[in-house]
2 protein chains.
Amino acid sequence: MYLGKRIKELREEKALLQRQLAAELEIDTPMYSKIERGERKAKREQVIKLAKLFQVEEKELLMLWLAGQVYELVKDEEVAKEAIKVVEQNL
Amino acid sequence: MYLGKRIKELREEKALLQRQLAAELEIDTPMYSKIERGERKAKREQVIKLAKLFQVEEKELLMLWLAGQVYELVKDEEVAKEAIKVVEQNL
DNA sequence: ATGGACTTGTCAGATTTTGGCTAATTTAAT
DNA sequence: ATTAAATTAGCCAAAATCTGACAAGTCCAT
């Protein structure tokens with residue numbers, strides 16, 4: 001998963017533990033673990049908080065977060081590419 | 001909405017009434033009306049049935065249906081374009 | 001002003017999502 | 001190999017969302 005992969009990188013760079021970030025986000029550790037692995041999706045607010053904690057651009061993480069959701073939506077569809085292109089046109 | 005616009009066109013081309021299509025899909029007319037206007041989203045099965053009824057490529061309607069969902073997901077996000085591009089890369 | 005087509009609003013029931021708990025597994029160090 | 005810490009898996013109830021149906025409304029032509 002897009003966001004999960006990135007925040008895992010960031011967490012390891014800064015040598016933080018899942019439970020520390022979980023505490024910051026006020027969720028439990030298993031939940032944070034799931035977000036990192038993309039098993040659960042973070043909420044917008046949590047992504048923003050993570051950007052602050054890691055001191056990276058909010059936009060970067062929000063973009064990955066959104067991309068992950070789009071990917072989940074289209075991944076099993078034969079017409080995924082075409083659909084994406086159509087949306088891209090109209091943005 | 002992508003799909004709604006298209007099935008309205010098709011319905012008018014063939015001079016059919018909403019209630020006729022609603023009957024085919026086994027839903028009530030208000031529901032069909034909402035699907036056409038994009039107020040409710042059709043389910044996959046209904047889209048396929050509609051393609052058969054209108055005698056158009058299943059793929060065409062499924063693509064529009066998917067595009068509509070993607071659009072709903074990203075439309076209010078500042079990072080929509082970038083996110084879409086990232087997904088496009090990885091398909 | 002009646003009738004037919006379509007739309008709007010509402011609502012309970014069904015389905016999904018969510019958060020947190022416990023327990024299992026993996027990892028790292030001694 | 002044993003322990004302790006970190007991470008993951010599985011489960012369950014509460015909350016939120018989605019669904020289908022109905023009643024009532026508008027709009028338009030006759």
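We name chains A, B, ... by the order of the sequence lines, and we start the count at 1 in each one.
The minimum heavy-atom distance linking A:Leu50 with A:Leu21 is given by the pair CD2-CD2, 4.4 Å.
A:Ser33 has a side-chain polar atom (N or O) that falls below the 4.0 Å cut-off from OP1 or OP2 of D:dT8. In this model, the phosphate group of D:dT19 is not approached by any side-chain N or O of B:Lys41 to a distance below 4.0 Å at OP1 or OP2. Distances shorter than 4.0 Å separate some side-chain N or O of A:Lys43 from OP1 or OP2 on C:dG19.
What separates CZ of A:Arg19 from P of D:dT8 is a distance of 14 Å, to the nearest Å. Look at CE on B:Met31: it is 16 Å from P on C:dG9, rounded to the nearest Å. As a whole-Å value, the separation of B:Asp28 CG from D:dA24 P is 15 Å. Rounded to an integer number of Å, the gap from B:Ile35 CD1 to C:dT8 P is 15 Å. Protein atom CD of B:Gln18 is 16 Å distant from nucleotide atom P of C:dG4, rounded to whole Å. In this entry the distance linking CG of A:Leu25 with P of C:dT18 reads 15 Å, nearest Å. As a whole-Å value, the separation of A:Arg44 CZ from C:dT18 P is 15 Å. A straight line from NZ of A:Lys8 to P of D:dT7 spans 9 Å, rounded to a whole angstrom.
For the helix from C:dA1-D:dT30 to C:dT30-D:dA1, the axis fitted to the five pairs at one end and the axis fitted to the five pairs at the other end meet at an angle of 40° (nearest 10 degrees).
For the pair B:Pro30 and A:Arg11, both in contact range of DNA chain D, the more 5′-proximal nearest nucleotide belongs to A:Arg11.
By the neighbour-count criterion of 12 heavy atoms within 6.0 Å, atom OH of A:Tyr2 is densely surrounded, having more than that number from other residues, nucleotides or ligands. Other residues, nucleotides and ligands place more than 12 heavy atoms under 6.0 Å from the CD atom of A:Glu12.
Remark: side-chain polar atoms of B:Arg37 are paired, donor with acceptor, to backbone N or O of B:Ser33 under 3.5 angstrom. Proximity of a side-chain donor or acceptor of B:Lys59 to a complementary backbone N or O of A:Val79 within less than 3.5 Å is not detected. Using a distance-only test at 3.5 Å, with no hydrogens or angles considered, a donor-acceptor pair links the side chain of A:Gln20 to the main chain of A:Leu17.
At a threshold of 4.0 angstrom between heavy atoms, the contacts of A:Arg40 include nucleobase atoms, whether or not backbone atoms are also involved. At a threshold of 4.0 angstrom between heavy atoms, the contacts of A:Arg37 are confined to the sugar-phosphate backbone, with no base atom among them.
Remark: B:Tyr32 OH to B:Gln46 CD distance equals 10.5 Å, nearest 0.5 Å.
The base of D:dG20 lies outside donor-acceptor range of the side chain of B:Lys34, with no N or O pair under 3.5 Å.
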